[in-house]
There are 2 protein chains.
Amino acid sequence: MKAGTDLAQIGSLVGDPARANMLAALMGGTALTASELALEAGVGLPTASSHLAKLSEAGLVDVVRQGRHRYYTLADHHVGAMLENIMGVAAKLGPTRVLPGPRDQAMREARVCYDHLAGEMGVAMLDSFIERGLIRLEDGLPRLSEAGTSFFQNSGIDVNGMKRKRRPVCRTCLDWSARRAHLAGSLGAALLDRIQAKGWVRREKGSRTIRFTPMGRREFELFLRD
Amino acid sequence: MKAGTDLAQIGSLVGDPARANMLAALMGGTALTASELALEAGVGLPTASSHLAKLSEAGLVDVVRQGRHRYYTLADHHVGAMLENIMGVAAKLGPTRVLPGPRDQAMREARVCYDHLAGEMGVAMLDSFIERGLIRLEDGLPRLSEAGTSFFQNSGIDVNGMKRKRRPVCRTCLDWSARRAHLAGSLGAALLDRIQAKGWVRREKGSRTIRFTPMGRREFELFLRD
DNA sequence: GATATAGTTTGGTTATGGTCGAAGTATGAA
DNA sequence: TTCATACTTCGACCATAACCAAACTATATC
């Protein structure tokens, strides 16, 4: 009874097409303004504003005011994971998607999951870290090994700084396309940052899909073999 | 855009209070008839029938006719996992649940997650299996070791039979109360079966909560130390 | 056969909530 | 100060869908 009420509350928030589009857009990980989200959702500004107020009040999204803009983001990675999960079920159930088009194909290969890399490339990355002993799995939860700590620190990622924060450094997230785990957490986020900073990928604008450039792909694979 | 539509579709199904209550009831794992679900949801039979038609058409629930009854169940464990996930977010976000009441306490400790054991007891069980080397984690996915195969086979669970089926034998499921993994998959389901068959637990009717009897608790802990 | 039980279908009512235009607030720029 | 941009609030409108009563179908029991 009580459980049903909780379910319904979140469900109805996600259940409105306009809000669902907004949330899907925010899955891209970049903060978006109210106007951008209105455009994304295909509704007027007043409507968008009211939707965002609801999402924000419920705690699904965070907002930070900057000048006359309001930047919205997903509240945290749990929300991102939940949305990813729902999309996974939708994809399984969905109206007989026979052939995943070329666009879906690219998305399967690499995409942004809130703030980290997902898709086959993301799964491959975590696999590689585990194989090389940089990350170890304990009770199903990933932990950075000592070797991993120094490896990432040497790569210019401030892992020790991360360890002092609240957010877990390593976390796994179930990849709906590959049905395997990929790396989330602050380390996952930092790695996506670097991949983007190094110009290995192009973001398709308005989409979660990311495409590796030929050069970027080579570099990335080298990085995994390191 | 397309992703948003998928989200909204599932969201709106889960977003109606009546349907949410039905789904929550089905999380208990037992098949329920349309009338039982109507009662659970607090709506009339015609209303329930229409809701169930929608859920069924969308593929979230399965129905099997038996005489003049129709027994509904969640379509598969992915749906269960999704609902569990949504509840987890709701619990985190929820209206400042300060003190989890005694009832919630029991639910934290042990409950049914669609067809397997969840809560602290479920987490403890998986921990124990891993510690004893019966289950090993590879790439974040649990796999039965050889020792595990013979152990469970000796306990009277037909693991080898399970391996031939489509459904994975071992799967982890993130426990929203403990934020740790517990064991799902066909082995998880079989273990819950045995726990119930041995009379170690009492089901609270109309609830997912299960309570270990004093004796059952002792036996269960022995089983984990085995 | 007649009767009861389980569930669906139909039709009509109601209300929740999404929508936008217009007016209002807040911040920044000229 | 004045104008422009970014967003919110208000008010009114409208569509979707949740709901039930009554009628209907199908299965079981007597």
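Residue numbers start from 1 in every chain, and the chains themselves are labelled A, B, ... in the order their sequence lines are given, proteins ahead of strands.
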* Structure fact -> CG of L13(B) to CG of L7(A), rounded to nearest 0.5 Å, is 12.5 Å

* What class does the angle between the rings of H116(B) and H182(B) fall in, given that below 30° is parallel, 30 to 60° is tilted and above 60° is perpendicular? -> tilted

* Asked: Does H51(B) make a side-chain N or O approach to OP1 or OP2 of dC19(D) shorter than 4.0 Å?
  -> yes

* Evaluate the side-chain proximity of L192(B) to V201(B): yes if any heavy-atom separation is below 4.5 Å, no if none is. => no

* **d(NE2, H69(A); C1', dA29(C)) in whole Å** => 13 Å

* Under 4.0 Å between a side-chain N/O of R70(A) and OP1 or OP2 of dT8(D), yes or no? -> yes

* Asked: Just checking Y72(A): base, sugar-phosphate only, or nothing, at a heavy-atom cut-off of under 4.0 Å?
  -> sugar-phosphate

* Structure fact -> Taken to the nearest whole Å, OH/Y71(B) to P/dT27(D) is 15 Å

* Under 30°, 30 to 60°, or over 60°: which ring-plane class applies to F212(B) and F220(B), parallel, tilted or perpendicular? -> tilted

* Is R111(B) reaching over with its side chain to a backbone N or O of R208(B), donor-acceptor style, under 3.5 angstrom? -> no

* Euclidean distance, atom CD of residue E57(B) to atom C1' of dT8(C) [Å, nearest integer] -> 15 Å

* Are OP1 or OP2 of dG18(C) and a side-chain N or O of R19(A) less than 4.0 angstrom apart? -> yes

* Interatomic distance, N21(B) CG vs dC19(D) C1' [rounded to whole Å] -> 15 Å

* D16(B) CG to dG17(C) C1': how many Å, rounded? -> 13 Å

* Asked: What is the distance, rounded to the nearest whole Å, between atom CG of L52(A) and atom P of dT8(D)?
  -> 7 Å

* What's the closest nucleotide to the S49(A) side chain, out of dC19(D), dT9(D), dG18(C)? -> dT9(D)

* Asked: Phosphate oxygens OP1/OP2 of dG18(C): is one of them under 4.0 Å from a side-chain N or O of K54(A)?
  -> yes

* Whole angstrom value for the distance that separates P of dT8(C) from CG of L45(B) -> 7 Å

* **T47(A) vs dG18(C): side-chain N/O to OP1/OP2 distance below 4.0 Å** => no

* OP1 or OP2 of dT27(D) sitting under 4.0 Å from any side-chain N/O of R65(B)? -> yes

* So which one's nearest nucleotide on DNA chain C is more toward 5', A48(B) or V43(A)? -> A48(B)

* Looking only at side-chain atoms of R68(B), point me to the closest of dA28(D), dC20(D), dA22(C). => dA28(D)

* Asked: Counting any heavy atom closer than 4.0 Å, what does S50(B) reach on the DNA or RNA strands: base, sugar-phosphate only, or nothing?
  -> nothing

* Structure fact -> L13(B) atom CG is separated from dA17(D) atom C1', nearest whole Å, by 13 Å

